[in-house]
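Residue numbers begin at 1 in each chain, while the letters A, B, ... track the order of the sequences.
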Number of protein chains: 2
Amino acid sequence: MFENRLKKRNIRPTAMRLIVLKELYESEVAMSLSELELKLENSDKATLYRTLKKFEENQLIHSIDDGSGSIKYALCDEGCTCDSKDQHVHFHCEKCLSTYCITNIGIPQLTLPKGFISNSANLVFKGICLSCS
Amino acid sequence: MFENRLKKRNIRPTAMRLIVLKELYESEVAMSLSELELKLENSDKATLYRTLKKFEENQLIHSIDDGSGSIKYALCDEGCTCDSKDQHVHFHCEKCLSTYCITNIGIPQLTLPKGFISNSANLVFKGICLSCS
DNA sequence: CTGATTTTGCAATCTGGTTGCATTAAATTT
DNA sequence: AAATTTAATGCAACCAGATTGCAAAATCAG
Ligand SMILES: [Mn+2]
Ligand SMILES: [Mn+2]
Ligand SMILES: [Zn+2]
Ligand SMILES: [Zn+2]
């Protein structure tokens with residue numbers, strides 16, 4: 001249940017937060033702040049913004065920079081700690097502009113030039129998604 | 001010589017363009033519009049913007065979305081056609097905020113879920129760069 | 001209940017990016 | 001070379017997404 005999911009992450013379950021969580025839960029794809037704002041009538045951008053920040057801070061969701069200009073958010077798996085083991089590939093459809101978590105594909109470890117130490121990475125594939133092809 | 005490099009890409013070598021090209025050429029790291037604007041006294045943001053767009057369109061430079069919020073630009077190698085074979089990994093230093101082209105490391109080809117067709121990708125590693133470590 | 005803390009809503013601000021438009025510069029034609 | 005056409009520049013305005021200040025409302029703890 002959503003309320004529980006919030007509590008587990010130490011987020012007080014207010015009405016707005018439950019709605020946002022539900023919305024993200026029911027979405028097949030990652031959502032941006034403004035998409036949420038549109039979808040949720042009589043919602044306030046600043047509140048949504050702070051809701052998402054809180055969710056992200058408490059590792060209930062993760063943010064995705066898909067290069068579209070607006071940051072997308074998607075639910076983390078249960079038990080996610082948002083460290084490198086939880087990082088995965090994302091896919092951005094250039095037709096419908098949807099962004100998908102490809103949770104079962106991790107980011108490949110590459111050997112960087114000497115002296116460059118990486119602790120995280122962002123890998124986004126762009127193209128045409130399943131529903132658009 | 002810079003003038004020639006512009007001509008080869010079908011870009012008319014104006015004074016401003018030569019300056020911008022020189023600046024990018026001499027920079028170890030990728031530069032953003034506003035970094036250029038700061039560096040080049042009495043330069044205009046809109047002109048720089050259009051200069052970069054033109055350079056990018058004509059494949060003299062490529063743009064890099066390193067997740068920092070501002071797009072960075074770096075010179076392409078000679079003969080670059082900015083297609084998938086020319087795409088490479090980038091590195092963003094979280095300390096000095098510099099972004100480097102790792103031109104000798106390509107983007108790994110991964111098998112995406114059925115129905116997802118990718119034609120480009122963005123892979124940025126984040127961490128500490130050589131000069132900051 | 002009561003005072004302290006947190007969340008919310010609204011307006012304002014910031015930043016990077018982008019565009020309209022008149023001016024200037026460069027290339028082409030006569 | 002002068003006239004004509006085309007491209008580049010500079011300035012101001014605009015835009016979208018992100019972020020903040022602040023007072024009101026909701027929630028919590030004693
Ligand atoms: Mn994801
Ligand atoms: Mn590069
Ligand atoms: Zn699609
Ligand atoms: Zn560095």
* All ring pair (Phe, Tyr, Trp, His ring centres under 6.0 Å) counterparts of B/H92, not counting sequence neighbours ->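 Expected list: none.
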* **Set of ring pair (Phe, Tyr, Trp, His ring centres under 6.0 Å) partners for B/F2, sequence neighbours left out** =>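 In terms of ring pair (Phe, Tyr, Trp, His ring centres under 6.0 Å), with neighbours along the sequence ignored, B/F2 is linked to B/Y25.
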* Cluster check A/I105, A/I128: I/L/V/M/F/W/Y, side chain < 4.5 angstrom ->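 Different clusters: A/I105 never reaches A/I128 through Ile, Leu, Val, Met, Phe, Trp or Tyr contacts under 4.5 Å.
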* For B/E23, what residues pass the side chain to side chain donor-acceptor pair (under 3.5 Å) criterion, not counting sequence neighbours? ->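 Partners of B/E23 by the side chain to side chain donor-acceptor pair (under 3.5 Å) criterion, ordered by chain and then number, come out as B/K39.
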* Tell me, please, which residues at least two apart from B/D83 pass side chain to side chain donor-acceptor pair (under 3.5 Å). =>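 Here the qualifying residues are B/T81.
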* Mind running a 4.0 Å heavy-atom check of residues 24-48 of chain B against DNA chain C and sending the residues that fall below it, in number order? =>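 B/L33, B/K45, B/A46, in order of number.
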Partner set under side chain to side chain contact (heavy atoms under 4.5 Å, CB included) for [X], not counting sequence neighbours:
X     : value
B/S84 : B/Q87
A/E78 : A/R5, A/K8
A/L52 : A/V20, A/L24, A/L33, A/L36, A/I61, A/Y73

* Asked: Hey, does the side chain of A/Y49 come within less than 4.0 Å of D/dA18's phosphate (OP1/OP2), counting only N and O?
  ->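 Looking at the OP1 and OP2 atoms of D/dA18, neither is under 4.0 Å from any side-chain N or O of A/Y49.
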* Measure across A/N58 and A/R9 and return the closest heavy-atom pair with its distance rounded to 0.1 Å. =>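 Looking at all heavy atoms of both residues, the shortest contact is ND2-O, 2.9 Å.
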Can you list, pair by pair, the side-chain donor-acceptor contacts under 3.5 Å of residues 115-126 of chain B, counting residues two or more places apart and other chains?
unit_1, atom_1, unit_2, atom_2, d
B/S118, OG, A/K126, O, 3.1
B/S118, OG, B/S120, O, 3.0
B/N122, ND2, B/D65, O, 3.1
B/K126, NZ, B/D66, O, 3.0

* To do: Give, ordered by number, those residues of residues 58-73 of chain B having at least one heavy-atom distance below 4.0 Å to an atom of DNA chain D; if nothing qualifies, reply none.
  =>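 Per residue number, the list is empty: none.
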* Asked: Can you pull the contact range of chain B along DNA chain C, 5' to 3', using atoms under 4.0 angstrom from its heavy atoms?
  ->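 Reading along DNA chain C, I get C/dG16 to C/dA27.
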* To do: May I ask you to decide if the ring planes of B/H90 and B/H62 are parallel, tilted or perpendicular, using 30° and 60° as cut-offs?
  =>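 B/H90 vs B/H62 ring planes: tilted.
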* Contact letters for nucleotides 22-30 of chain D, in which S counts primed atoms plus P, OP1 and OP2 and B counts the base, heavy atoms under 4.0 Å -> B-----S--
* Asked: Can you name the one residue among A/V29, A/I64, A/V89 that meets side chain to side chain contact (heavy atoms under 4.5 Å, CB included) with A/Y100?
  ->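 Exactly one candidate clears the test, A/V29.
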